[in-house]
*Asks:* 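After the structure tokens below, expect a handful of questions from me.
Chain naming here is simple, since letters A, B, ... match the order of the sequence lines and numbering starts at 1 in each.
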Amino acid sequence: MSDRSTPPRILRTISVTPEDRKWDELAEQMRMDALPRIRGTAERWTSTVSAITGLFGLVALVKGREDITSLRSDWRIIAGVLIALALLIALTSIVFAAFAAQGTPRRVEILSGAAVKELYQHGTHIARRQLAWSRISAVVAVLVLGLAIGITWYGPTTAASTSLEVMVVSRSGMTACGRLSVENHNIAVRPTSTAARDPAIPLQRVALIAPVTSCP
Amino acid sequence: MEEINATPANGTNSTQGTKTNDEPPLGKAEGQDRVAYEERADEEWAKQVMATLAWKQAGDDWVLYGTCPKCSHEMDKTIGSGYLTDTYRGSVTSVIVACNCRADHAGRPEGRAGCGRYGGLELEL
């Protein structure tokens, strides 16, 4: 237990400056305002939680078009990883911003002018860095999310690769199966099984073109 | 505020330069309560504070109280219980003491107290 039965002892006077006086006044003001400040911090944290919840909703909204499942599986994985990464970076940005705005409460035994001055200087330095990181990570999150959305829209799909496989039947009964191309108004088919190209069939002699899952 | 005891501020038993509750305020002069507000550090003022103000206990706090050497109105400075824990007992720290009387002083800005005089004291906790 502390011995509180004896008062402090004044050793000597010391010279002080107007700045020292202002810090001392601020210390006194902070001591008096401690409870409202903690309550204010809690209110701002509520706004932060709302922002985080809104972010999850935003990601759900832009998760991609309805046929995202038609993306090739490797690109689908890449898009998913990028969306998760964007979410993580955006979350980091929000948390950094929240810490910068709210600070981190610290227990101070002696709330003197010197202690408050140290708290303010340290807090300012930390808040400035947190704000900078928040801004950087927000920009990176937007870029990564944009890339992910771009992949979901423009990435190669499994449907596109199968639709190129066609069976062409000419009026003379000649058939060809493979990837379709048009050369000099003639339909040409490149067999997928070999490098050889079937003879081109003029368009006017084509009797039937049918997409097939795979060539026989 | 519960007053348990009063101790000379400089921790000595000498009556020289110390104040008791029965003594009149030091430096009281005619017209001095019309001292105009002037905020400035004053080491001579601090020396008089050191010599004249006394300690009284209020709960877990110690309060340095007495009359302002400049305006002769009652002033005090609380040394909170945070200073008096085992961690800090015996250590030396500095505090700023300022006149915080509630009397009127010409030219005092809104929201301020006292006559404006202040000074620094080094304390052994």
*Asks:* As an exercise, state the distance from CD1 of A/Ile14 to CD1 of B/Ile96, rounded to the nearest 0.5 Å.
*Replies:*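 Here the rounded value is 7.5 Å.
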*Asks:* Using non-hydrogen atoms only, which part of B/Ile79 is less than 4.5 Å away from chain A: side chain, backbone, both, or neither?
*Replies:*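 Just its side chain gets close to chain A.
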*Asks:* Search all heavy atoms of A/Leu11 against all heavy atoms of B/Met50 and return the closest pair with its distance.
*Replies:*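 Closest approach of A/Leu11 to B/Met50, heavy atoms only: O-CE, 3.5 Å.
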*Asks:* Is chain B contacted by the side chain of A/Glu25, its backbone, both, or neither, given a heavy-atom distance below 4.5 Å?
*Replies:*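 Contact with chain B is through the side chain of A/Glu25 alone.
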*Asks:* Looking at residues at least two apart in the chain, or sitting in another chain, which of them share a side chain to side chain contact (heavy atoms under 4.5 Å, CB included) with A/Ala98?
*Replies:*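 In terms of side chain to side chain contact (heavy atoms under 4.5 Å, CB included), with neighbours along the sequence ignored, A/Ala98 is linked to A/Trp45, A/Thr48, A/Gln102.
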*Asks:* Could you give all pairs that pass the side-chain hydrogen bond (donor to acceptor under 3.5 Å, both in side chains) test and reach residues 122-132 of chain A, with sequence neighbours left out?
*Replies:*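 Non-adjacent pairs meeting side-chain hydrogen bond (donor to acceptor under 3.5 Å, both in side chains): zero.
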*Asks:* With only heavy atoms counted, which part of A/Asp24 is less than 4.5 Å from chain B, the side chain, the backbone, both or neither?
*Replies:*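 The side chain, not the backbone.
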*Asks:* Using a heavy-atom distance cut-off of less than 4.5 Å, which residues of residues 36-43 of chain B contact chain A?
*Replies:*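 B/Glu39, B/Ala41, B/Glu43, listed by number.
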*Asks:* Check each atom of B/Val97 against the heavy atoms of chain A and say whether the ones under 4.5 Å are side chain, backbone, both or neither.
*Replies:*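 It is neither, since no heavy atom gets under 4.5 Å.
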*Asks:* Step through the shown structure and confirm whether more than 12 heavy atoms of other residues, nucleotides or ligands are within 6.0 Å of OH on B/Tyr88.
*Replies:*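 Yes, enclosed.
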*Asks:* Looking only at heavy atoms, which of residues 116-125 of chain B get nearer than 4.5 Å to chain A?
*Replies:*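 From residues 116-125 of chain B, the residues near chain A are B/Tyr118, B/Gly119, B/Gly120, B/Leu121, B/Glu122, B/Leu123, B/Glu124, B/Leu125.
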*Asks:* Hey, does A/Thr13 have a side-chain heavy atom less than 4.5 Å from the side chain of B/Val49?
*Replies:*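 A side-chain contact is absent here, since even the closest heavy-atom pair is not under 4.5 Å.
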*Asks:* Which distance, rounded to the nearest 0.5 Å, do you find between the CH2 of B/Trp55 and the OG1 of A/Thr6?
*Replies:*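 One finds 11.0 Å between CH2 of B/Trp55 and OG1 of A/Thr6.
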